[in-house]
Amino acid sequence: MKRTRNIVMAVVLGATLSLAACGSDDGGGSDSSDGKIGVILPDTKSSVRWESADRPALEAAFKEADVEYTIQNAEGDAEKMATIADGMIADGVTVLAIVNLDSESGAAIQEKAAKQGVRTIDYDRLTLGGSADYYVSFDNTVVGELQGQGLADCLGEEAANVIYLNGSPTDNNATLFSAGAHSVLDKISTYTEVGEQAVPDWDNEQAVTIFEQLYTQAGGDVQGVYAANDGLAGSVISILEKNGQAGQVPVTGQDATVEGLQNILAGTQCMTVYKSAKLEAGALADAAIALVKGEDADTNGTTEDSEGDRDVPSILLTPESITKDTVKSVVDDGGAKAEDICTGEFAQYCDEVGIS
Ligand code: BGC
């Protein structure tokens, strides 16, 4: 009995091995190891997410799929991104995913890639006028709606003056976030917009100056702040602190960063939006691997590129609104570590919400 099973096993193994050999010899692309995926992240400063959440999630997804990959970061420099893209293409990537720094430079990279037969994917940010085969992101209008609703929930129905601090004017997402937030807040007749400005490159330092000016122009008579992500929220909170108003004026955020979650626990930030890097990176890996194999990726909709006058096949995920009550769900999902959040003065709040 045992011997027969061993022989059967050996025959099956042998067949599998020769099949595998066939797969990699014919170069026909039936095996994901035939291709190589390149990803270029935008920077390290507009949000900590790119290096702290996206990179490890992407590495995990590519390793799990057993596909060759390379991930680099353009450090906020569009020329550097173009150089990295050239290098990756020269190095033989067959699929290139970028998080553009602005649509123009992103479109140029994609055009060059297409000329050399390299398929491209927009990761997180849509390149307007670009030529990406797919767009992988969250529903960014919904992100903005969640932010608007989150601020409204924190403010209640009383009269409130609201300042809007938007993300980079060159980031299509920032436009969608702001539009989504306005679609909710503009309907509430007791709220008055008393200032709105976009922050170039999502730069947190510039955000401090910009917000301080808006705050001063409004005579400090501000009851709520829409900040497009957790980094910008941090800049806003620093000015509110300076004016003895931190914790009195609700501020929105996005990315469920450690800093954002800590501020929510301490009560200086009203909410954030959690966009699981595991989900987004997994969706990118699936789409990229389909392209490597010469197959179509599974999509769940299209996104209109108004500049390119085309609908880009998309994989759009669902974001989640996070408040103090639900910070624990981010930790439970692996989006942030309790040991990172529950440090120093924040440890006391972790006990309150059951994080340890
Ligand atoms: C992303 C946000 C991020 C921001 C700054 C946006 O395009 O969707 O998650 O906070 O860029 O990097």
Side-chain angles (χ1 to χ4, degrees), residues 42-49 76-78 101-102 125 140 143-152 154-156 158-255 257 259-260 262-264 266-273:
D43 61 64
T44 56
K45 290 188 181 148
S46 67
S47 172
V48 293
R49 65 165 281 186
D77 179 342
L101 285 164
D102 62 86
R125 298 176 181 166
N140 294 302
V143 170
E145 289 166 2
L146 294 177
Q147 293 174 315
Q149 191 55 52
L151 187 60
C154 284
L155 281 173
E158 274 170 44
N161 290 340
V162 178
I163 287 180
Y164 292 78
L165 197 61
N166 296 323
S168 175
T170 60
D171 181 350
N172 182 56
N173 286 347
T175 311
L176 301 176
F177 301 150
S178 178
H182 272 290
S183 75
V184 174
L185 296 169
D186 293 355
K187 279 197 287 226
I188 304 174
S189 59
T190 46
Y191 300 168
T192 311
E193 184 191 309
V194 292
E196 172 157 32
Q197 210 165 308
V199 178
D201 304 324
W202 296 86
D203 184 311
N204 291 190
E205 278 156 39
Q206 279 192 62
V208 172
T209 318
I210 293 172
F211 180 72
E212 187 158 36
Q213 273 165 8
L214 292 172
Y215 188 78
T216 311
Q217 275 160 21
D221 187 9
V222 176
Q223 285 74 45
V225 182
Y226 166 82
N229 75 359
D230 287 353
L232 299 185
S235 307
V236 169
I237 292 165
S238 73
I239 295 303
L240 292 175
E241 241 151 34
K242 203 168 138 185
N243 289 276
Q245 290 296 304
Q248 309 298 312
V249 177
V251 181
T252 63
Q254 170 179 194
D255 288 345
T257 63
E259 184 200 3
Q262 287 176 328
N263 287 339
I264 290 176
T268 51
Q269 188 173 325
C270 140
M271 59 87 67
T272 187
V273 179

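On a predicted model such as this, the values are computed, not experimentally measured, just so you know.
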So, the side chain of [X] versus the backbone of [Y]: is there a donor-acceptor pair under 3.5 Å, distance only?
X	Y	value
Asp201	Lys45	no
Gln147	Ala228	yes
Asn140	Val143	no

Of the non-hydrogen atoms in [X] and [Y], which two are nearest, and what is the gap between them?
X	Y	value
Asp43	Gly76	CB-N, 3.4 Å
Ser47	Asn229	CB-ND2, 4.1 Å
Ala181	Tyr226	CB-CE1, 3.5 Å
Ala198	Gly167	CB-O, 3.5 Å
Glu259	Gly231	OE1-CA, 4.5 Å
Thr170	Leu101	OG1-O, 3.2 Å

Check: [X]/[Y] side-chain N/O donor and acceptor closer than 3.5 Å:
X	Y	value
Gln269	Asp230	yes
Asp221	Gln223	yes
Glu193	Tyr164	no
Trp202	Asp171	yes

(request) Verify side chain to side chain contact (heavy atoms under 4.5 Å, CB included) between Arg125 and Asn172, making sure each step is shown before the conclusion. (result) CA-CA 7 Å; Arg125 298 176 181 166; Asn172 182 56; 6.0 Å; no

(message) Does anything in residues 235-249 form a side chain to side chain donor-acceptor pair (under 3.5 Å)? List the pairs, not counting sequence neighbours.
(response) Glu212-Lys242

Report yes if some heavy atom in the side chain of [X] is under 4.5 Å from a heavy atom in the side chain of [Y]; otherwise report no.
X	Y	value
Phe211	Leu240	yes
Leu214	Gln217	yes
Leu165	Val199	yes

Rounded to the nearest 0.5 Å, what's the gap from [atom1] on [X] to [atom2] on [Y]? Could you check?
X	Y	atom1	atom2	value
Glu145	His182	CD	NE2	13.0 Å
Arg49	Asp255	CZ	CG	5.5 Å
Thr192	Leu185	OG1	CG	11.5 Å
Ile188	Glu158	CD1	CD	13.0 Å
Thr190	Leu155	OG1	CG	8.5 Å
Leu232	Gln206	CG	CD	10.5 Å

(request) Start with the C-alpha gap between Asn166 and Ser178, add the side-chain angles, then the distance that decides, and say whether side chain to side chain donor-acceptor pair (under 3.5 Å) holds. (result) CA-CA 6 Å; Asn166 296 323; Ser178 178; 3.2 Å; yes

(request) Walk me through it: do Val251 and Thr268 pass the test side chain to side chain contact (heavy atoms under 4.5 Å, CB included)? (result) CA-CA 7 Å; Val251 181; Thr268 51; over 6 Å; no

